[in-house]
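When a ligand or atom number is given, it counts from 1 through the structure's own listing order.
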Amino acid sequence: MAGTVALIVAAGRGHRFGGDRPKQYELLAGRPLLAWSLAAFARHPRISAVRAVIHPDDRPLYAEAAANLALLEPVSGGAERQESVLRGLESLAGLAPDRVLIHDGARPNPGAATIDAVIAALERHPAAIPALPVTDSLKRGAEGRIAATASREGLYRAQTPQGFRFAEILAAHRRLAASDGAALTDDAAVAEAAGLEVALVPGLEENVKVTTREDLRRVERALIAAEEIRVGSGYDVHRFGSGERLWLCGVPVPHEHGLVGHSDADVGIHALVDAILGALGEGDIGEHFPPSDERWRGAPSRIFLEEACRLVTARGGRLVNLDVTLICERPKLSPHRLAMRQRLSELTGLAMDRVSVKATTTEGLGFTGRQEGIAAQATATLALRAG
Ligand code: MG
């Protein structure tokens, strides 16, 4: 494979963090921490593929983080970071990419310009990392007191993604693994040990490595401040017909009639898809999935919702919350609302408390009152990366 593959390392246990989930799956603005870096690389035009290295126990959490992203299958890491990276690199050997960017899954905000700068530097150097010059005074301390002031001259703080020509970093990691030397703290150190020249490119202050809860809140504030909030609304109606199954918000609902439509006529999902497309300014469901297209005959409407979510991700955005109101006299929908919220949560990757399904009647008035069909309206809030 030509091009650059991103390897996101997220196999650690993060014991210092506490909480009931491993650190990389803690929620950051409603989305798992790891999802942010996966999305940042997946949407970058110069990245051809993204693979995560994860802990084997974390597969269900990973599936949540990777929802609606086009990624390579994850691989399982080892006990130490270095071993995890080597396993990730070995898994890419068959693809033989030109370059690999190795990124720490605990850094949710690598920055598109940083990714560009690292890749550009690899044209002239076998390895390149983003780094920031140390600007604070450096003190050596002992027992709560300064023992000495150290020079900060020429010192940098190393960040990730760290970029390498693929064949060279794989060879360097293999050699190190065979030598059973001391563990190194980053991949640049592995390259240095192999005698590779490592270039420095400007890092990004906001590319924070989350190690504490305070870091998580700080990076959350920075990410939210860089987002623009969008709201969209959607409305749809389908008529009842015989011999059809009734699908509402991705759930089959027992009733003597189903709804008639070109697809499965899931009026709740259709309104929701229009709300998401509306917030994106991307037209409506009929434009994306024309009823004249045979492909959508009898299609499950989840396909439309998945595509709408993919469009959000491709714009560097995320769903914030969804709210659907179903309007009909019968069937009675309250027994199905929880299942509908669960299904929409699965399909969108949104947490349950950000997905709402409500039901109402029109007190016998109008076409819904006469039980001729079901109407649905929906609202979607999105956050898009500004700029
Ligand atoms: Mg429709």
Side-chain angles (χ1 to χ4, degrees), residues 68 230-313 319 321-334 336-337 339-350 355-362 365-382:
N68 301 307
R230 299 282 196 95
V231 177
S233 71
Y235 179 76
D236 195 27
V237 173
H238 282 262
R239 68 170 64 245
F240 281 125
S242 53
E244 308 277 344
R245 184 151 207 207
L246 178 59
W247 286 92
L248 290 172
C249 295
V251 173
V253 175
H255 192 52
E256 64 263 30
H257 302 299
L259 293 171
V260 180
H262 184 67
S263 65
D264 66 4
D266 187 328
V267 66
I269 287 188
H270 293 185
L272 200 48
V273 169
D274 262 353
I276 295 170
L277 294 174
L280 287 172
E282 294 255 11
D284 63 25
I285 191 169
E287 270 173 63
H288 287 263
F289 308 99
S292 55
D293 190 331
E294 279 305 306
R295 265 185 304 168
W296 315 125
R297 182 176 294 283
S301 293
R302 66 169 169 75
I303 296 176
F304 311 149
L305 183 55
E306 283 163 354
E307 173 61 11
C309 291
R310 200 195 60 72
L311 289 171
V312 174
T313 307
L319 294 172
N321 77 300
L322 302 172
D323 185 17
V324 185
T325 302
L326 298 167
I327 305 158
C328 64
E329 214 63 37
R330 285 185 62 250
K332 197 167 169 40
L333 296 178
S334 50
H336 307 286
R337 281 173 51 200
M340 291 177 190
R341 287 176 62 208
Q342 275 165 344
R343 184 65 181 138
L344 293 178
S345 163
E346 277 166 27
L347 290 172
T348 59
L350 263 183
V355 179
S356 156
V357 176
K358 312 194 297 302
T360 188
T361 71
T362 50
L365 299 172
F367 68 87
T368 54
R370 293 189 298 272
Q371 300 189 35
E372 293 167 4
I374 300 184
Q377 62 185 41
T379 306
T381 313
L382 320 182

| query | Do you know which N/O/S atom name in Asp236 is closest to the Mg ion (ligand 1)? | reply | OD2
| request: If you have a sec, read the angle at the Mg ion (ligand 1) from His270 atom ND1 over to His238 atom NE2, to 10 degrees. | output: 90°
| Looking at Thr325, Asp323, Asn321, which one forms a side-chain hydrogen bond (donor to acceptor under 3.5 Å, both in side chains) with Ser356? | Asp323
| Would you find a donor on one side and an acceptor on the other, under 3.5 Å apart, between the side chain of His257 and the backbone of Glu372? | no
| Parallel, tilted or perpendicular: rings of Phe289 and Trp296 (30°, 60°) | perpendicular
| task | Using a cut-off of strictly less than 2.8 Å, determine whether Asp266 has an N/O/S atom near the Mg ion (ligand 1). | result | no
| Which heavy atom in Pro331 sits nearest to a heavy atom in Pro254, and how many Å separate them? | CB-O, 4.3 Å
